[in-house]
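Chain identifiers are assigned alphabetically (A, B, ...) following the order of the sequence lines, protein sequences preceding nucleic acid strands; residue numbering begins at 1 within each chain.
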2 protein chains.
Amino acid sequence: MDERKRKILEAIILDYISTAEPVGSRTISKKYDLNISPATIRNEMSDLEEMGYIEQPYTSAGRMPSDSGYRYYVDYIMKKNKLDDAVERLVVSSFRGKINKFDDAIAVSMELIARITRYPSLVLAPGAEKLSLSMIRMLKVEDTKALLILITENRQVENVFIDIPSGFLESDLELITNVINSKLSGKKISDWNKTLIAEVYHELLKQKEILTAVLEAIEDRMHKNKEHRIHLTGLIQMLNEPEFHDVKKVRSILAFFDDKKILENILVKSLQDDDYEVYIGKENEQDEIKDCSIIKRKYNFRGDLEGILGIIGPKRMDYSGTISLLDLISDMLEQKK
Amino acid sequence: MDERKRKILEAIILDYISTAEPVGSRTISKKYDLNISPATIRNEMSDLEEMGYIEQPYTSAGRMPSDSGYRYYVDYIMKKNKLDDAVERLVVSSFRGKINKFDDAIAVSMELIARITRYPSLVLAPGAEKLSLSMIRMLKVEDTKALLILITENRQVENVFIDIPSGFLESDLELITNVINSKLSGKKISDWNKTLIAEVYHELLKQKEILTAVLEAIEDRMHKNKEHRIHLTGLIQMLNEPEFHDVKKVRSILAFFDDKKILENILVKSLQDDDYEVYIGKENEQDEIKDCSIIKRKYNFRGDLEGILGIIGPKRMDYSGTISLLDLISDMLEQKK
DNA sequence: ATTAGCACTCATTGCTAAAGAGTGCTAACA
DNA sequence: TGTTAGCACTCTTTAGCAATGAGTGCTAAT
């Protein structure tokens with residue numbers, strides 16, 4: 001694989017990315033000034049095809065990149081080029097001042113990714129079991145109803161109504177919350193153990209029933225949260241891509257996106273050492289997206305909460321630009337601000 | 001319009017609903033035993049066409065119902081037939097025991113409608129502006145952050161973080177909430193007026209800034225709530241219908257469904273006297289759904305909160321069955337339980 | 001090693017003919 | 001007078017076929 005072959009492969013990929021049409025030797029010779037004739041390019045292409053990096057839909061059509069062609073491109077040819085200034089400014093300004101809590105950050109990120117890349121964007125938020133409970137409070141709302149308020153470390157808030165005995169006082173509630181706050185807050189829910197729980201019960205012998213209800217509500221909420229960790233937008237714009245001009249494909253892909261569980265599994269298989277990972281075509285496990293590519297990018301919200309950004313698009317996607325964008329957004333999320 | 005014409009129109013509509021193909025005279029004569037020959041049916045069809053109830057896509061094709069054909073069918077021919085027993089049991093059992101709060105009811109209804117009709121289902125929950133604020137509370141979370149908790153009449157809870165000056169005490173917060181609770185709670189947000197607000201400000205001269213923040217947050221949340229009143233599921237299964245075998249249409253309809261504002265407007269135009277309303281094809285205002293039909297059905301959750309169920313499907317939909325289903329679900333929602 | 005030239009391949013486009021579904025009209029019938 | 005059989009006519013759909021054109025692969029010349 002010499003330099004010229006690399007250049008030609010790059011040209012084929014770039015052209016195919018922008019046109020979605022098989023690329024011919026003449027096109028490359030004219031559009032990309034490599035100063036070689038179509039005939040020479042044809043010879044090189046023949047080699048590239050033998051190596052498995054490009055393929056023809058049928059004899060005597062142009063060439064298009066194969067999965068391994070894209071893979072080679074991503075691994076060895078593509079360089080991370082700087083993001084367009086306008087895009088960078090848009091991203092930076094979108095984050096400025098608008099981020100009060102984690103959910104805001106997620107919302108802004110998703111919106112940006114979907115708008116700029118025009119591909120569906122996924123965001124995996126850190127699971128609740130990794131979150132600590134920051135504090136709880138309880139408010140008496142009616143005679144037999146109290147509102148339990150959970151605030152997590154990353155300032156997510158959850159509300160649950162709890163039944164309380166008639167005549168229960170606001171001060172009784174306070175007693176309960178005080179104990180729970182002192183014993184359990186600041187700890188990850190996965191670290192709660194029997195001893196800890198027993199201590200809480202011990203201190204609140206009289207309120208056993210309501211305490212059980214409260215603890216159950218907390219666990220329930222924290223786990224429910226776990227299920228809702230995946231966010232998704234930008235599905236429709238994907239339909240503009242020529243690869244989705246067939247309704248069958250559209251249906252299959254939309255059905256695929258409807259299954260949040262699968263999406264979560266895809267993202268959750270977490271990155272090892274690298275910041276990002278690219279899965280091209282058949283490298284994906286799921287049949288429905290065997291001709292899509294996925295880019296995953298780690299982020300650490302304010303240096304603390306770890307999650308994953310993801311994009312699913314056609315194989316023919318702008319890998320370099322997309323990765324740069326994810327890098328930038330990941331940076332923005334990291335900033336302590 | 002004599003009885004026979006009615007029968008023929010009905011046959012045409014039923015056949016077209018199930019096949020999506022223009023219906024010929026021979027088909028009707030054979031499949032529906034009206035005991036008349038194709039030739040006679042042709043004569044009648046000719047009349048029906050003149051009256052505007054059916055139309056031909058081109059000369060010498062079969063007939064298909066026109067919008068006014070469907071309209072005539074819905075108004076004068078169709079009878080509400082009893083729901084399939086299995087369906088009825090499914091609905092009733094789906095509601096049993098699972099409904100703790102309004103949101104549960106909505107979720108179950110949507111899921112049922114989408115699953116049974118296979119059309120996209122919409123639910124409009126009662127709007128916040130019709131809701132009264134039941135109470136607010138504020139909790140100090142950090143030195144400069146407080147959590148504002150809004151509880152509405154129907155026990156929806158909203159949380160907003162508010163910036164507070166450093167050193168602000170829990171008791172200061174209490175003062176504010178007390179005033180707001182006494183002046184504003186129990187009133188619909190649409191009834192807030194200048195005098196009322198002025199009174200609140202008067203009592204809390206010293207806390208002007210934070211009060212403004214709190215009031216703004218309340219209004220913002222109540223209005224945001226208004227925007228989120230619409231629920232939607234079952235989009236994908238719609239793609240199975242032959243009328244959506246064209247990607248352009250799919251895109252336009254999906255984009256349409258993405259705009260919750262428009263959907264809300266459609267549903268919010270509320271029903272006058274009747275329990276339900278049917279909009280057929282061009283009767284809809286929005287171009288994108290000029291060849292869809294909408295069925296809207298009023299409901300009163302536990303006799304109290306009024307909202308609307310809606311279904312959007314192809315004009316070629318099972319009007320009678322769908323209406324029966326919506327009736328049943330509306331009944332289930334109404335039950336005090 | 002590169003390139004010009006040329007025959008060859010195969011999808012796409014346009015055209016025409018045949019098939020088929022269904023109508024509308026006319027004339028016969030009860 | 002209403003109903004029906006028969007038949008010509010219309011218009012879409014389908015298949016087949018030739019022309020077009022983009023692009024290749026090979027060969028021979030540079």
Side-chain angles (χ1 to χ4, degrees), chain A residues 1-9 11-66 69 242-243 245-246, chain B residues 1-9 11-66 69 242-243 245-246:
Chain A
M1 188 76 165
D2 57 25
E3 188 55 27
R4 193 170 68 185
K5 279 201 180 51
R6 248 195 289 275
K7 284 254 189 258
I8 291 176
L9 178 55
I12 293 173
I13 290 182
L14 292 181
D15 204 77
Y16 189 74
I17 283 179
S18 67
T19 64
E21 295 291 334
V23 192
S25 53
R26 236 177 88 82
T27 314
I28 292 184
S29 171
K30 270 201 297 186
K31 267 188 17 191
Y32 303 82
D33 31 45
L34 307 173
N35 292 318
I36 21 183
S37 76
T40 312
I41 294 178
R42 279 203 288 280
N43 288 328
E44 295 284 41
M45 282 168 119
S46 190
D47 292 350
L48 284 169
E49 181 157 16
E50 215 165 82
M51 294 186 237
Y53 294 136
I54 56 180
E55 49 197 22
Q56 288 179 293
Y58 49 87
T59 336
S60 85
R63 303 306 213 293
M64 43 204 275
S66 68
E243 25 270 282
H245 273 12
D246 163 38
Chain B
M1 189 75 163
D2 58 25
E3 189 54 27
R4 193 170 67 183
K5 280 199 180 52
R6 248 195 290 274
K7 284 254 188 257
I8 292 176
L9 178 55
I12 293 174
I13 290 182
L14 293 181
D15 205 78
Y16 189 73
I17 283 179
S18 68
T19 65
E21 296 290 333
V23 192
S25 53
R26 236 177 89 83
T27 313
I28 292 184
S29 170
K30 270 201 297 185
K31 266 185 21 189
Y32 303 82
D33 32 44
L34 307 173
N35 293 317
I36 21 183
S37 77
T40 313
I41 293 177
R42 279 203 289 280
N43 289 329
E44 296 284 41
M45 281 168 120
S46 191
D47 292 349
L48 283 169
E49 181 157 17
E50 215 165 82
M51 294 186 236
Y53 293 135
I54 57 180
E55 50 197 22
Q56 288 178 294
Y58 49 86
T59 338
S60 85
R63 304 307 213 290
M64 44 204 272
S66 67
E243 26 271 281
H245 273 13
D246 163 38

Atom pairs, protein N/O to nucleotides 12-16 of chain C N/O, distance under 3.5 Å:
none

Distance (rounded to the nearest 0.5 Å) between [X] [atom1] and [Y] [atom2]:
X	Y	atom1	atom2	answer
L14(A)	K31(A)	CG	NZ	10.0 Å
K30(B)	I41(B)	NZ	CD1	12.0 Å
L34(B)	E3(B)	CG	CD	10.5 Å
I17(B)	D15(B)	CD1	CG	10.0 Å

Donor-acceptor pairs under 3.5 angstrom involving side-chain atoms of residues 45-54 of chain B: please list them, not counting sequence neighbours.
from, atom 1, to, atom 2, distance (Å)
D47(B), OD2, K5(B), NZ, 3.4
E49(B), OE1, R63(B), NE, 2.8
E49(B), OE1, R63(B), NH2, 2.8

Using a 3.5 Å distance criterion without hydrogens, assess whether the side chain of D2(A) forms a donor-acceptor pair with backbone atoms of R4(A).
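Such a contact is found between D2(A) side chain and R4(A) backbone.
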What N/O pairs connect the protein and nucleotides 23-30 of chain C at under 3.5 Å? Give each pair on its own line.
from, atom 1, to, atom 2, distance (Å)
dT23(C), OP1, S25(B), N, 3.3
dT23(C), OP2, S25(B), N, 3.2
dT23(C), OP2, S25(B), OG, 2.8
dG24(C), OP1, R63(B), NH2, 3.3
dG24(C), OP2, R63(B), NH2, 3.4
dG24(C), N7, R42(B), NE, 3.0
dG24(C), O6, R42(B), NH2, 3.1

Which whole-number value in Å describes the distance from [X] [atom1] to [N] [atom2]?
X	N	atom1	atom2	result
I8(A)	dT2(C)	CD1	C1'	12 Å
Y16(A)	dG23(D)	OH	P	14 Å
N35(B)	dT3(D)	CG	P	13 Å
K5(A)	dA1(C)	NZ	P	11 Å
I41(A)	dT2(C)	CD1	P	11 Å
R4(B)	dT1(D)	CZ	C1'	12 Å
K30(B)	dT4(D)	NZ	P	17 Å
I28(B)	dA21(C)	CD1	C1'	14 Å

With [X], which residues qualify under side chain to side chain donor-acceptor pair (under 3.5 Å), at least two apart?
X	result
S37(B)	T40(B)
S29(B)	none
Y16(B)	none

